[in-house]
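The structure under discussion appears below in the form of structure tokens.
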Amino acid sequence: MQALVDAHCHLDFPAFTGRLDAVLARARAAGVSQCVIPGVRRADWARVRSVSEGHDGLWYCLGIHPWFVDEHDEADLQALEQAVLARDSRCVAVGECGLDRLHGSLDAQQPWFDRQVALARDGDLPLVIHSVRTHDEVAATLRRFRWRGRALVHGFSGSVQQAQRLVELGCCIGVGGVITHPRATRTRAAIKAIPEHALVLETDAPDMAPAGVAAGENAPEYLRQILSVLAELRATSPDQLAPVLYDNTRRLFGWSGS
């Protein structure tokens with residue numbers, strides 16, 4: 001079975017407390033060999049590290065999510081900079097950070113996103129981006145910072161044109177459970193159209209459940225279901241697509257070797 005990587009899943013969240021070993025065992029049985037856990041606020045960073053360090057095949061990133069900017073101050077940004085530039089081998093990116101039009105104020109979120117883009121750029125680190133109805137603003141921010149690095153726009157749900165602009169800026173597009181829902185016609189069309197070298201798989205577990213999975217019950221084991229739908233959309237087979245996605249994810253996070 002071709003190995004898969006879940007590029008974005010919140011295995012530190014309370015939904016997995018007390019059952020993480022079983023969740024990871026089912027993921028491995030489904031061929032998911034590695035997972036990346038994004039940090040969303042300083043209060044959770046220690047837990048993110050601990051979960052990652054306690055299990056083989058888990059990696060993490062640290063960031064300040066747009067939902068939680070009001071909880072933070074300048075000292076937290078300085079702590080973030082110190083943490084990610086310490087070059088812990090398991091810390092693979094800056095994020096989750098970004099913009100969200102449906103939660104809070106974009107004016108309040110933008111300076112926090114700017115600082116984290118600058119941190120990733122100056123530290124030559126990948127960036128993990130949360131973008132909800134703000135793909136144009138995210139693209140404009142990356143252009144303003146003359147972004148030339150690697151980035152993941154996670155949970156993408158947008159148009160072909162928006163996806164293409166992000167890919168032109170060096171972004172990978174996170175493909176998750178959204179595409180398994182037939183009503184997501186715009187996102188499915190975008191994912192079908194963009195180059196396969198820009199696609200990576202993710203679950204956003206426990207959220208963003210694929211079709212047939214109850215809300216809040218998503219887990220890395222469902223990554224193969226997402227792969228199957230993606231292969232169908234792109235008129236190829238899961239076996240042909242899986243190694244490409246695996247290599248894309250390794251390139252995104254700067255992993256070398258097999």
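Atom set for the values below is all heavy atoms of this structure, side chains included, hydrogens, waters and symmetry mates excluded.
Hydrophobic clustering, defined by side-chain heavy atoms of Ile, Leu, Val, Met, Phe, Trp and Tyr closer than 4.5 Å, groups Leu102 together with Val132. Counting Ile, Leu, Val, Met, Phe, Trp and Tyr side chains that sit under 4.5 Å apart, directly or through other members, Met208 shares a hydrophobic cluster with Val178.
Arg143 meets the side-chain hydrogen bond (donor to acceptor under 3.5 Å, both in side chains) test with no other residue; sequence neighbours excluded. In this structure, the salt bridge (Lys or Arg N to Asp or Glu O under 4.0 Å) partners of Asp114, at least two apart in sequence or on a different chain, are Arg144. Scored by the side-chain hydrogen bond (donor to acceptor under 3.5 Å, both in side chains) test, Glu81 finds no partners at all (sequence neighbours excluded). Considering only residues two or more places apart in sequence or on other chains, Phe145 meets the ring-ring contact (aromatic ring centres under 6.0 Å, His included) condition with none of them. With sequence neighbours left out, Thr236 forms a side-chain hydrogen bond (donor to acceptor under 3.5 Å, both in side chains) with Gln240. Applying the salt bridge (Lys or Arg N to Asp or Glu O under 4.0 Å) test to Arg41 and every residue at least two apart in sequence or in another chain returns Asp44, Glu71. In this structure, Arg183 has no side-chain hydrogen bond (donor to acceptor under 3.5 Å, both in side chains) partners at least two apart in sequence or on a different chain.
For residues 51-70, the pairs satisfying side-chain hydrogen bond (donor to acceptor under 3.5 Å, both in side chains) are Asp21-His55, Gln34-Trp59, Tyr60-Asp88, His65-Glu96, His65-His130, Trp67-Asp100, with sequence neighbours left out. For the ring pair (Phe, Tyr, Trp, His ring centres under 6.0 Å) condition, the pairs that include at least one residue of residues 10-33, sequence neighbours left out, are His8-His10, His10-Phe13. Residue pairs meeting the side-chain hydrogen bond (donor to acceptor under 3.5 Å, both in side chains) criterion with at least one member in residues 207-232, sequence neighbours excluded: Arg26-Glu221.
Within 6.0 Å of CZ on Arg87 lie more than 12 heavy atoms contributed by other residues, nucleotides or ligands. Under a cut-off of 6.0 angstrom, the local environment of CZ in Arg133 is sparse, with at most 12 non-hydrogen atoms contributed by other residues, nucleotides or ligands.
Closest non-hydrogen pair, Trp255 versus Val92, comes out as NE1-CG1, 3.5 Å. Across all non-hydrogen atoms, the minimal contact from Ala190 to Val160 is CA-CG2, 3.5 Å. Here the shortest heavy-atom pairing between Gly123 and Leu85 reads CA-CD2, 4.0 Å.
Side chain of Asp136 to backbone of Ala139: no donor-acceptor contact under 3.5 angstrom is found. No donor-acceptor distance shorter than 3.5 angstrom exists from the side chain of Thr134 to the backbone of Glu137, with no hydrogens or angles considered.
Ser157 contributes atom OG, which lies 6.0 Å from atom NE2 of His135 (distance to the nearest 0.5 angstrom). To the nearest 0.5 angstrom, Leu199 atom CG is 6.5 Å from Leu245 atom CG.
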Run Cys171 and Val153 through side-chain contact (heavy atoms from CB on, under 4.5 Å) and show every step you take.
CA-CA 7 Å; Cys171 296; Val153 178; 3.9 Å; yes

Given His154 and Asp204, is the side-chain contact (heavy atoms from CB on, under 4.5 Å) satisfied, shown in steps?
CA-CA 8 Å; His154 116 83; Asp204 197 30; 3.4 Å; yes

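Partner Trp112 forms a side-chain contact (heavy atoms from CB on, under 4.5 Å) with one of Leu99, Val117, Val69 and no other, that one being Val69.
Between the side chains of Glu202 and Thr249, not a single donor N or O lies within less than 3.5 Å of an accepting N or O.
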